[in-house]
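Please read the structure below before turning to the comments.
Just the heavy atoms: all of them, side chains too, but no hydrogens, waters or symmetry mates, feed the values below.
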Amino acid sequence: ALARRALSAEAVDVAKMRNIGISAHIDSGKTTLTERILFYTGRINSIHDVRGKDGVGAKMDSMDLEREKGITIQSAATFCQWKENAVNIIDTPGHVD
């Protein structure tokens with residue numbers, strides 16, 4: 001079976017599609033892991049500090065408050081390619097409030 005990727009006109013084989021949801025306690029490295037996956041798959045060109053000390057902050061933390069406080073407030077979804085597999089990733093907050 002084939003599925004179409006929203007941002008692309010090319011068909012993706014569902015058998016080669018992987019979905020990853022990252023959830024864990026606060027400050028356990030969920031966003032850091034996501035950033036590393038994106039970097040090593042070539043989706044992003046540089047790794048930035050989650051706490052935003054470098055003035056840029058993590059790619060997955062798009063809200064100013066997230067970058068200021070160094071925490072994920074809102075779940076974020078992204079995708080990357082690993083070898084022949086299409087990988088969808090959801091980075092979740094580590095707190096309930």
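Grouping Ile, Leu, Val, Met, Phe, Trp and Tyr residues whose side-chain heavy atoms lie under 4.5 Å apart, directly or via other members, leaves I90 alone, with no other cluster members.
Of the inter-residue distances, the one linking I47 atom CD1 with R36 atom CZ reads 4.0 Å to the nearest 0.5 angstrom. M63 CE to L65 CG: the interatomic distance, rounded to the nearest 0.5 Å, is 6.0 Å. The CD1 atom of I89 sits 5.0 Å away from the CG atom of L38 when rounded to the nearest 0.5 Å. Expressed to the nearest 0.5 Å, how far CZ of R18 lies from CD of Q81 amounts to 11.5 Å. Taken from OG1 in T34 to CZ in F39, the straight-line distance is 15.0 Å, to the nearest 0.5 Å. I44 CD1 to E35 CD: the interatomic distance, rounded to the nearest 0.5 Å, is 4.5 Å.
T41 meets the side-chain contact (heavy atoms from CB on, under 4.5 Å) test with I37, R43, C80, W82; sequence neighbours excluded.
Using modelled atom types and a 3.5 Å distance limit, the side chains of T72 and T31 yield a donor-acceptor pair.
Within the 4.5 Å cutoff, no side-chain heavy atoms of P93 are placed close to those of I73.
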K59/H48 under side chain to side chain contact (heavy atoms under 4.5 Å, CB included): CA gap, chis, key distance, verdict = CA-CA 8 Å; K59 185 67 128 184; H48 295 284; over 6 Å; no
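Among D91, I22, L33, the one residue that satisfies the side chain to side chain contact (heavy atoms under 4.5 Å, CB included) test with M60 is D91. Considering T78, I20, N19 as possible partners of V87, the one that fulfils the side chain to side chain contact (heavy atoms under 4.5 Å, CB included) test is I20.
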